[in-house]
Peer 1: 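This is the structure I have questions about; it appears just below.
Lettering follows sequence order; numbering is per chain, from 1.
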Amino acid sequence: MSNDAKPILRAVELTKQYPTVLALDHVSYEIFPGQVVCVVGPSGSGKSTFIRCLNLMDEPTGGQVWFKDQQINAPGVDINRVRQHIGMVFQHFNLFPHLTVRKNITLAPTLLKLKTQEEADATADKLLERVGLREKADAFPGQLAGGQKQRIAIVRALAMDPQVLLFDEPTSALDPEMVGEVLQVMKGLAKAGMTMAVVTHEMGFAREVANHVLFMDHGRLVEENPPQEFFGHPQSPRLKEFLSKVL
Amino acid sequence: MFLTLEWWREAFHTFGWKFSQNFLEASRWRLLANGFVTTVEITIGAVLVGLAIGFLVAVIRTTHDKTGRLKFLNFLARIFLTVIRGTPTMVQLLIIYFVIFASVNVDKLLVAIIAFGINSGAYTAEIIRAGLMAVDKGQYEAGASLGLNYYQTMTRIIVPQAFKTILPALGNELIVLLKETSISGYIAMQDLTKGGDIIRSQTYDAFMPLLAVAAIYLICVCGLSWCVTRMERRLKRNE
Ligand SMILES: Nc1ncnc2c1ncn2[C@@H]1O[C@H](COP(=O)(O)OP(=O)(O)OP(=O)(O)O)[C@@H](O)[C@H]1O
Ligand SMILES: [Mg+2]
């Protein structure tokens with residue numbers, strides 16, 4: 001771990017107040033290059049809100065989000081530009097159903113003039129190869145199984161050459177037999193050094209792949225440790241209770 | 001009585017005579033033909049105006065709902081929708097003709113197109129808006145997460161998907177509009193309906209000209225409905 005490097009993403013006292021719910025309560029955390037951070041916690045604890053505030057998919061009501069040297073929830077920031085560097089993978093894939101797999105992958109890089117169509121196509125083929133879906137390039141999302149869709153969604157995010165990837169429960173909408181193939185791809189990414197923040201219920205994945213595991217409860221970051229410590233010696237009663245339920 | 005040959009011969013004879021009186025004599029069929037052309041002109045013109053207005057209003061409303069921007073324009077759009085959908089088309093037509101264009105000398109056809117276009121625009125706006133809103137929120141988020149701006153997300157991701165629901169609904173709006181233009185006679189336009197009415201006033205026969213008018217509308221509507229159904233089916237197949 002390159003601990004002396006600067007963080008890629010930094011949350012400072014991050015807060016999200018909905019009219020009746022405090023979804024995120026002064027959460028501070030730094031994600032460094034190459035780290036895999038897993039976020040776990042009970043339903044409604046604010047995991048999604050946290051991850052979605054990091055690319056301003058949800059607008060925080062307080063605190064700061066920094067991408068490298070730039071505070072991104074500040075007036076005058078071109079958030080679309082920042083998001084080009086922060087990929088996101090959704091629970092429900094959100095592939096574009098009217099476009100082929102290849103078009104799904106190449107749309108953003110070409111539209112944003114980061115790549116020519118040929119370059120983007122070449123990248124798409126290479127990435128599809130990597131997730132074992134090269135032959136699906138001309139299929140439409142509706143023709144794919146859930147696990148395949150999620151792998152395509154990961155490729156779509158990767159095609160932007162992001163510096164960090166955010167995942168919000170990427171395997172929760174999948175049939176059990178398809179969870180493995182998606183986790184396998186994510187493990188591959190972790191091994192290749194991709195910086196990732198992953199909200200997940202897959203404790204096995206967190207234990208095996210994460211550098212740090214975060215426990216959230218009632219909008220707060222309650223506990224944070226490397227996986228051996230996190231799972232082996234949980235400190236707070238809430239985490240102990242949570243782990244006793246899910247493990 | 002209906003079963004006697006004599007009765008049928010008589011009826012057939014009367015029909016032929018009346019047909020000739022209503023449509024052939026003095027080339028009265030031209031009243032229907034020209035009226036039909038006028039009806040089609042008003043309808044097509046109004047559809048185009050309605051599409052332009054509807055698209056604009058829908059984009060303002062949707063942008064406001066999704067991003068919170070365009071507050072003032074959204075306010076105006078809502079007033080427009082409330083007024084147009086809350087008053088009879090007929091009254092709108094009369095106001096536009098006798099009040100707004102009272103002192104200016106413009107082609108009546110243009111007035112009709114504008115009046116029906118504005119009216120249709122309100123309904124078209126809601127059709128387009130409903131189509132845009134029906135696209136899953138995750139599609140906006142996926143576009144945004146890739147760094148696309150709102151306009152790029154709209155044009156490349158949302159609108160193409162919304163077409164599926166919008167196109168058939170617009171076809172139905174076209175059918176409604178075609179029938180609504182039959183009140184154009186109130187601003188002295190000689191549309192299809194008015195054409196039939198003029199024949200009636202000349203021949204003192206209401207049955208034939210009005211039934212002919214009804215039949216022509218019906219044929220058009222059935223034709224358009226058939227197209228809409230086909231289109232719906234084709235759009236479904238591409239899923
Ligand atoms: N748009 C919203 N409006 C109001 N409250 C919301 C909204 N989105 C989330 N919340 C509330 O904020 C809290 C945190 O929600 P969040 O979705 O972040 O939880 P989560 O940890 O991701 O839960 P899950 O495991 O079920 O996905 C919950 O109490 C939720 O009801
Ligand atoms: Mg969640």
Peer 1: For B:Phe80, does the CZ atom have more than 12 heavy-atom neighbours from other residues, nucleotides or ligands under 6.0 Å away?
Peer 2: yes

Peer 1: Chain B heavy atoms under 4.5 Å from A:Met57: which part of the residue, side chain, backbone, both or neither?
Peer 2: side chain

Peer 1: Picking from A:Val82, A:Leu95, A:Leu56, which has the most non-hydrogen pairs under 4.5 angstrom with chain B?
Peer 2: A:Leu95

Peer 1: With a 4.5 angstrom heavy-atom cut-off, could you sort out which part of A:Phe140 is near chain B: side chain, backbone, both or neither?
Peer 2: neither

Peer 1: Does the side chain of A:Leu107 reach to within under 4.5 Å of the side chain of B:Ile157, using non-hydrogen atoms?
Peer 2: yes

Peer 1: Take atom CZ in B:Phe98; do more than 12 heavy atoms of anything else shown fall under 6.0 Å from it?
Peer 2: yes

Peer 1: Can you list the donor-acceptor atom pairs spanning chain B and chain A that come in under 3.5 angstrom?
Peer 2:
residue, atom, partner, partner atom, Å
B:Gly138, O, A:Asn94, ND2, 3.1
B:Gln139, NE2, A:Leu95, O, 2.8
B:Glu141, OE1, A:Arg52, NH1, 3.0
B:Glu141, OE2, A:Arg52, NH1, 3.4
B:Glu141, OE2, A:Arg52, NH2, 2.8
B:Arg156, O, A:His98, NE2, 2.9

Peer 1: So which atom in B:Leu146 and which in A:Ala108 form the shortest heavy-atom distance, rounded to 0.1 Å?
Peer 2: CB-CB, 3.7 Å

Peer 1: Taking all non-hydrogen atoms of both residues, which atom of B:Ala142 and which atom of A:Phe96 are closest, and how far apart?
Peer 2: CB-CE2, 3.7 Å

Peer 1: By a 4.5 Å heavy-atom criterion (distance strictly below it), what part of A:Ile86 contacts chain B: side chain, backbone, both, or neither?
Peer 2: backbone

Peer 1: For A:Ile79, is it the side chain, the backbone, both, or neither that has a heavy atom closer than 4.5 Å to a heavy atom of chain B?
Peer 2: neither

Peer 1: More than 12 non-hydrogen atoms from neighbouring residues, nucleotides or ligands closer than 6.0 Å to CZ on B:Arg78, yes or no?
Peer 2: no

